[in-house]
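First up is the structure itself, then whatever we jot down about it.
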Protein chains: 2
Amino acid sequence: MIKSTERDLAAERMDKIANILRDRRIARVSEMARILGASEASVRRDLVEMERRGLLRRVHGGAVAVGGIGDEPVFDDKTAMAVREKQRIAEAALAFVKNGDFIYLDGGSTVLALARMLTDRPRITVATNSLRVAQTFAASGPRTILVGGELRRISQTFVGCLSRPLLEKIHFDTAFMGTVGVTTDGMTTTDPAEADTKTLVMGRAARVILLADSRKIGAVSFVSAGALDLVDVIITDSAAPRKQIDAFRKKGVRVLAV
Amino acid sequence: MIKSTERDLAAERMDKIANILRDRRIARVSEMARILGASEASVRRDLVEMERRGLLRRVHGGAVAVGGIGDEPVFDDKTAMAVREKQRIAEAALAFVKNGDFIYLDGGSTVLALARMLTDRPRITVATNSLRVAQTFAASGPRTILVGGELRRISQTFVGCLSRPLLEKIHFDTAFMGTVGVTTDGMTTTDPAEADTKTLVMGRAARVILLADSRKIGAVSFVSAGALDLVDVIITDSAAPRKQIDAFRKKGVRVLAV
DNA sequence: TCAGTTTCAATCAGATATGATCAAAAGCAC
DNA sequence: GTGCTTTTGATCATATCTGATTGAAACTGA
């Protein structure tokens with residue numbers, strides 16, 4: 001047994017680290033050192049190099065996959081909640097997408113779930129203001145148009161007045177929107193710039209579909225993001241209060257509770 | 001040339017090396033020397049040659065199959081070469097960034113290296129058309145503005161006429177640009193839409209700094225992306241041909257070879 | 001807030017790999 | 001065979017990698 005054969009090359013170690021992170025999204029230095037059979041010092045050196053190459057992000061105690069959990073805790077924390085419901089809602093929304101369509105995908109975790117289902121649909125065109133949606137389509141997927149704007153880190157979206165000039169040049173068959181809260185008075189969200197962009201988008205879509213899990217139904221946030229009559233369809237989950245659903249229907253909005 | 005016998009021997013070795021790497025993706029010099037029954041010195045010479053031909057990537061201790069371990073995705077394939085140079089170029093470029101600046105970061109791996117150095121600089125504003133740059137700043141970093149447009153997957157940038165309306169509203173102190181090739185006639189790149197966006201950006205910057213490793217110097221690609229007089233500074237590495245550098249200087253461009 | 005614990009970066013020495021150099025070996029032309 | 005060129009393998013100084021150590025920094029829980 002030759003000693004050099006036992007020890008991994010740096011490139012080999014980095015590959016294994018990449019694999020570990022692909023599986024777990026996050027790993028501790030100590031874990032990786034144990035798995036690789038290398039010292040923690042070497043693992044750290046590899047992590048520094050890999051971070052420099054943009055392959056991961058280092059955090060105290062370990063590393064996380066880029067674009068993964070822990071990368072943007074605020075955004076992804078929400079994602080983790082009600083995963084089942086969001087998935088079902090996204091599946092229902094998928095039925096509203098046809099090949100050849102021009103659609104808009106808003107920010108938000110439910111809409112992101114829908115985006116993940118579109119990576120094998122090159123025949124549609126997606127416009128979005130969501131960094132996460134763009135990342136989802138980075139390698140392959142629909143024709144992707146990102147409306148510009150200023151990055152709002154908490155939601156990982158591009159918002160503000162700079163989004164306007166581009167948005168005003170395009171129209172959509174269907175806009176799939178997320179929201180923080182929706183009542184019969186309309187949608188509300190936390191950030192004025194975000195709200196402004198949302199309203200503008202909905203005005204430019206032939207059909208607006210709101211994806212809102214039951215916790216959003218009846219909830220109210222800081223700033224109005226458009227009246228309810230902008231919305232054609234609301235897709236929510238079966239835990240949504242019957243009363244609210246009926247109220248929406250009375251206002252002429254189609255509601256699907258999946 | 002009738003030296004066919006020697007060449008066959010060398011070619012044979014290289015062929016075996018290629019086979020080993022096809023199987024394992026990564027191999028040590030010592031291993032390969034043992035398998036081939038040749039000295040490590042010979043193996044190294046073969047590896048140098050094969051790397052020159054782009055058949056593999058050399059790492060300390062051995063070699064990696066291209067497209068294999070530690071080799072980065074499509075976008076970064078070219079990047080894997082000249083990592084050191086790109087890093088040094090980016091470091092030199094960093095000196096041109098002041099707090100409070102409004103800068104533009106183009107797509108391209110060298111510019112991306114610069115972006116990674118700016119993640120702890122919240123006091124500047126960065127506009128970019130690069131998805132990779134936006135991702136780099138997703139968690140923290142400068143104020144980030146993404147100019148919209150259509151996603152061009154091969155470069156991971158947003159380009160085309162939809163970028164225009166937003167770009168025409170903003171100005172930059174400094175634009176850091178990448179390129180596929182640059183000569184005294186100006187810059188060239190592979191894609192017309194990409195070129196269009198580049199030209200527009202350079203016209204809106206008070207100062208344009210071109211980051212181009214030596215392989216770009218003197219290279220020519222498909223479509224013009226602006227004349228040389230748009231550029232104020234070129235930062236390249238010391239392997240850039242003296243003649244070209246002098247020609248650039250004669251045209252009034254400041255050239256830094258780091 | 002604070003103390004205790006974990007993790008980190010910097011440094012060092014030993015091990016390993018590398019490039020440069022050079023002489024021997026092999027191929028080739030005559 | 002001789003003379004020339006190319007290739008090869010060995011040697012050695014230098015560069016790089018690795019793992020251990022240590023003081024500093026960051027995190028944790030009360």
Side-chain angles (χ1 to χ4, degrees), chain A residues 1-17 20-21 24 26-53 55-64 69-71 73 77, chain B residues 1-17 20-21 24 26-53 56-64 69-70 80-85 87-88 91 116-117 119-120 139-140 237-239:
Chain A
M1 196 69 83
I2 302 158
K3 206 154 122 206
S4 66
T5 323
E6 296 173 11
R7 188 144 61 209
D8 278 356
L9 246 35
E12 219 164 338
R13 273 199 318 264
M14 292 193 216
D15 187 56
K16 288 180 183 172
I17 290 173
I20 292 171
L21 285 179
R24 315 193 193 179
I26 184 162
R28 310 185 72 83
V29 173
S30 53
E31 271 181 294
M32 293 187 273
R34 190 172 43 75
I35 295 171
L36 303 186
S39 71
E40 298 196 357
S42 293
V43 171
R44 286 206 183 89
R45 270 187 283 254
D46 293 341
L47 294 181
V48 169
E49 172 63 18
M50 291 176 78
E51 178 171 54
R52 203 185 58 70
R53 291 196 214 164
L55 300 175
L56 50 76
R57 220 163 68 77
R58 236 145 70 85
V59 294
H60 192 91
V64 293
I69 284 168
D71 211 19
D77 273 358
Chain B
M1 291 281 189
I2 322 173
K3 307 167 193 171
S4 57
T5 323
E6 326 164 20
R7 299 223 165 177
D8 277 348
L9 286 173
E12 211 167 342
R13 252 194 343 255
M14 294 198 207
D15 193 48
K16 285 181 185 168
I17 290 174
I20 292 171
L21 285 179
R24 313 195 196 178
I26 185 166
R28 274 173 206 69
V29 172
S30 55
E31 274 180 295
M32 292 187 274
R34 191 170 44 76
I35 295 170
L36 302 186
S39 71
E40 298 195 356
S42 294
V43 171
R44 283 202 186 92
R45 270 187 285 256
D46 293 340
L47 293 182
V48 169
E49 172 63 16
M50 291 176 79
E51 178 171 53
R52 201 187 56 73
R53 292 195 218 161
L56 50 76
R57 206 160 60 77
R58 238 145 69 85
V59 295
H60 191 94
V64 179
I69 271 175
M81 301 170 78
V83 176
R84 285 274 154 68
E85 286 78 1
Q87 189 72 15
R88 277 210 307 277
E91 274 161 20
R116 294 200 184 108
M117 298 173 188
T119 50
D120 58 349
S140 65
D237 61 80
S238 48

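Quick note on labels: first sequence line is chain A, next is B, and so on, each numbered from 1. The shown structure was predicted, so the numbers you read here are calculated from the model rather than taken from an experiment.
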Between [N] and [X], is there an OP1 or OP2 to side-chain N/O distance shorter than 4.0 Å?
X: A:Arg28; N: C:dT6; answer: no
X: B:Ser42; N: D:dG9; answer: yes
X: B:Arg13; N: D:dT8; answer: yes

Nearest-angstrom distance from the residue atom [atom1] of [X] to [atom2] of [N]:
X: B:Glu51; N: C:dT18; atom1: CD; atom2: C1'; result: 13 Å
X: A:Glu49; N: D:dT18; atom1: CD; atom2: P; result: 12 Å
X: B:Asp46; N: D:dT8; atom1: CG; atom2: P; result: 7 Å
X: A:Arg44; N: C:dT6; atom1: CZ; atom2: P; result: 13 Å
X: A:Met32; N: C:dT7; atom1: CE; atom2: C1'; result: 12 Å
X: A:Glu40; N: C:dT6; atom1: CD; atom2: C1'; result: 10 Å
X: A:Leu36; N: D:dG19; atom1: CG; atom2: C1'; result: 14 Å

| request: Could you pull out the closest heavy-atom pair between A:Leu21 and A:Ala63, with the gap in Å? | output: CD2-O, 3.4 Å

| query | Where do A:Glu51 and A:Arg58 come nearest, in terms of heavy atoms and distance? | reply |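 In this case the closest contact between A:Glu51 and A:Arg58 is OE2-N, 3.0 Å.
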
By nearest atom, which of the nucleotides [options] is closest to the [X] side chain?
X: B:Arg58; options: C:dT6, C:dC8, C:dG19; result: C:dG19
X: A:His60; options: C:dT7, D:dG19, D:dT8; result: C:dT7
X: A:Ala41; options: C:dA9, D:dG9, D:dA20; result: D:dA20

| Would you say the base of C:dG19 and the side-chain of B:Arg45 have a donor-acceptor pair closer than 3.5 Å? | no

| said: Pair B:Glu31, B:Arg28 - check salt bridge (charged side-chain N to carboxylate O under 4.0 Å, His left out), show working. | reply: CA-CA 5 Å; B:Glu31 274 180 295; B:Arg28 274 173 206 69; 3.2 Å; yes

| query | Is B:Glu91 salt-bridged to B:Arg88, cutoff N-O under 4.0 Å? | reply |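 So B:Glu91 does not pair with B:Arg88 through a salt bridge.
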
| message | I'd like to know if B:Glu40 and B:Arg44 make a salt bridge, using a cut-off of under 4.0 Å between side-chain N and carboxylate O. | response |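 Answer for the salt bridge query: yes.
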
| said: At 4.0 Å (heavy atoms only), tell me whether B:Val43 reaches a base, stays on the sugar-phosphate, or touches nothing. | reply: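 Nothing, no nucleic acid heavy atom in range.
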
